[in-house]
Structure formats: C-alpha cells, structure tokens
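Residue numbers count from 1 along this sequence. Small disclaimer: the values here were computed from a predicted structure and weren't measured.
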Amino acid sequence: MRSYQRFAYVSLAVLAVGLGGCQGYVKKADFDAAIGELRANQQKQQQEIDGLTQTMQQHFAQYDAKIAQLNGRIHVDTVSHFAFNDATLRDQDKPLLDDFAKIMSKNYPQAVVTVEGFTDAAGSASYNMQLGRKRANAVRDYLVNTGGMSADQVRTVSYGKSVNRQVLKGKSGEAGEPNRRVSLVVDFAGAQTPEPASPTSSSQGSAPQG
C-alpha cells in the first residue's frame, strides 16, 4: 500500500494548508476528521484487495499459479508458459485466463491489470524485450478478445530476460521454460460489483432455470 500511503500523506498536507487558510493553523477537529477519512479509505481499499485475493485463491487452486499481495497490488504469477523463441498462447493456459477475465469483468470492472512478459536467458537483451512484449500482448489480446475484458482495463509491459525477475537464473532452452512466462498484476481492485438479487418465490408456476 506504499503508493496509496504516499498519496494519502500528500493529500493530508494539501488539506492542512487548505483548512488553515489565512488563519495559519488547522483546527484539531478538522484535522482529526481528515485523518479518519483517509484511514477509512485506505482500510476500504485493503479490504477490496483482500477480497479479490481470496476469490482468486479459491478459483485458481486447481492451476499452477501463485497469488500474492505486494505493495497494494495482487500478483498472479506464472499464468502462461511459452515454447522457446515463441509467443503463441498454449491451450492449457487458457482456462485460467478465462476464469481470471470472468472474475474481473463481473466483479471488479474498475480494476487495472498489467500483463508482464518474460523470456529465458538466451539471446540479446533488446530481442528479448520484444519477445517478452509479444508474449504479454498475446495474453492481453486473449483477455480482451476472448475473455471480454475492456481494452482500457488491460495494459502490458515486458521485462525480457531481466536477471532479477528470472525464476531460474541464467537458464534457457528446455531448462529455461519456467522463465518463459507471463504474469498478471492487479494494480487496483476497485469496489466489488454486488451480486444481483435472487428471484423471489412469488413467481409461482414458473419453470426452473438451469
């Protein structure tokens, strides 16, 4: 939550100046109220992130994906792997992406998702930056075109063969498959969309829906 905290502190400083005005001071009651509001907003956002993390852990338990929170973001690591020097999305990775798109589109339409592309250690840094971007774009296009997510909601970034982001440092070829991957980062969960109310039992005689 560091980014949000920095924003909160800056907002508080601006508010203090505004409340002080020509008087040169801030009333303690106004200051305390501003602090309380900022803390409530921070707590609310953390609750939203916790809720999305729990939802993903429940839905993605069957997949080989690691889910973790870091600095107010949700990382869904290793959602797709790729063949050597290739950016074609594999069929076995599509079910997880389908579930991810369904969760985000239905419950968190305000979220901003970053698709991170990675490569193994073989080849030049510039070439691998391009290859990592192609892999990220392949997942982004699938989430938008097949998963139904908004194109404005999904962005991409390539880390290429960045050493500090390799799963198995220095590995390439068959041994480097864990490095040839794409991960997802939810930068802002947003408020969860409430589930629609269940139909009441007043519609007697209606056929059951399946």
*Asks:* Would you please test S172 and D120 for side-chain hydrogen bond (donor to acceptor under 3.5 Å, both in side chains) and show each step?
*Replies:* CA-CA 5 Å; S172 59; D120 63 26; 5.0 Å; no
*Asks:* Below 4.5 Å, heavy atoms only, C-beta onward: do R73 and V186 meet side chain to side chain?
*Replies:* no
*Asks:* Could you report the tightest heavy-atom contact between A122 and F84, atom names first, then the distance?
*Replies:* CB-CE1, 3.9 Å
*Asks:* Between I74 and V185, does a side-chain contact (heavy atoms from CB on, under 4.5 Å) hold up when you go through it step by step?
*Replies:* CA-CA 6 Å; I74 302 173; V185 178; over 6 Å; no
*Asks:* When you compare the side chains of R140 and T156, does any donor N or O come within less than 3.5 Å of an acceptor on the partner?
*Replies:* no
*Asks:* Which of these, H75, R135, R165, sits in a side chain to side chain donor-acceptor pair (under 3.5 Å) with E116?
*Replies:* R165
*Asks:* For residues V157 and V115, determine if any side-chain heavy atom of one lies less than 4.5 Å from a side-chain heavy atom of the other.
*Replies:* no
*Asks:* Does the side chain of F118 reach to within under 4.5 Å of the side chain of T78, using non-hydrogen atoms?
*Replies:* no
*Asks:* Look at atom NZ of K102 and say whether more than 12 heavy atoms of other residues, nucleotides or ligands are closer to it than 6.0 Å.
*Replies:* no
*Asks:* Under the side-chain contact (heavy atoms from CB on, under 4.5 Å) criterion, do M149 and V113 qualify, and how do the steps go?
*Replies:* CA-CA 10 Å; M149 295 184 67; V113 178; 3.9 Å; yes
*Asks:* Looking at every non-hydrogen atom in both residues, tell me the closest pair between S124 and N128 and how far apart they are.
*Replies:* O-ND2, 2.8 Å
*Asks:* If two hydrophobic side chains count as joined below 4.5 Å and joins carry through other members, does V144 share a cluster with L184?
*Replies:* yes
*Asks:* As an exercise, state the distance from CD of Q92 to CG of L89, rounded to the nearest 0.5 Å.
*Replies:* 9.0 Å
*Asks:* Taking 4.0 angstrom as the limit, do R181 and D77 come out as a salt bridge?
*Replies:* yes
*Asks:* Before you tell me yes or no, could you show the steps for V79 and L97 under side-chain contact (heavy atoms from CB on, under 4.5 Å), namely the whole-Å CA-CA distance, both residues' side-chain angles and the distance that decides it to 0.1 Å?
*Replies:* CA-CA 7 Å; V79 298; L97 296 176; 4.2 Å; yes
*Asks:* For a quick test of reading the model, state the closest non-hydrogen atom pair linking G123 to K161 and the distance between them.
*Replies:* O-NZ, 2.6 Å
*Asks:* Using the rule that Ile, Leu, Val, Met, Phe, Trp and Tyr join whenever any side-chain heavy atoms are under 4.5 Å apart, tell me whether L131 and Y159 fall into a single cluster.
*Replies:* no
*Asks:* Say whether V154 and V139 are linked into one hydrophobic cluster, either directly or through other cluster members, by side-chain heavy-atom distances under 4.5 angstrom.
*Replies:* yes
*Asks:* Restricting to non-hydrogen atoms, name the atom on P178 and the atom on L168 that form the minimum distance, rounded to 0.1 Å.
*Replies:* CG-CD1, 3.8 Å
*Asks:* Quick check: closest heavy atoms across A136 and G117, and the distance to 0.1 Å?
*Replies:* CB-N, 3.8 Å
*Asks:* Count the heavy atoms belonging to other residues, nucleotides or ligands that lie under 6.0 Å from CD of Q54, then report whether that count exceeds 12.
*Replies:* no
*Asks:* Would the distance check show the side chain of T119 and the main-chain N or O of G160 forming a donor-acceptor pair, the cut-off being under 3.5 Å?
*Replies:* yes
*Asks:* State whether the side chain of N179 and the backbone N or O of K171 hold a donor-acceptor pair below 3.5 Å, judged by distance alone.
*Replies:* yes
*Asks:* List the steps, then state whether side-chain contact (heavy atoms from CB on, under 4.5 Å) holds for F100 with M56.
*Replies:* CA-CA 8 Å; F100 178 84; M56 288 184 175; 3.3 Å; yes
*Asks:* Please check if the side chain of Q166 supplies one atom and the backbone of G170 the other of a donor-acceptor pair under 3.5 Å.
*Replies:* yes
*Asks:* Which heavy-atom pair separates G147 from S105 by the least distance, and what is that distance?
*Replies:* O-OG, 4.2 Å
*Asks:* Please walk me through it: do N137 and Y142 pass side-chain hydrogen bond (donor to acceptor under 3.5 Å, both in side chains)?
*Replies:* CA-CA 8 Å; N137 288 340; Y142 185 85; over 6 Å; no
*Asks:* Is the closest basic N to carboxylate O distance between E174 and R180 below 4.0 Å?
*Replies:* no
*Asks:* Could you measure the distance from the CG atom of L143 to the CG atom of D98? Nearest 0.5 Å is fine.
*Replies:* 9.0 Å
*Asks:* Report the distance from atom CG of D99 to atom CE of M104, rounding to the nearest 0.5 Å.
*Replies:* 13.0 Å
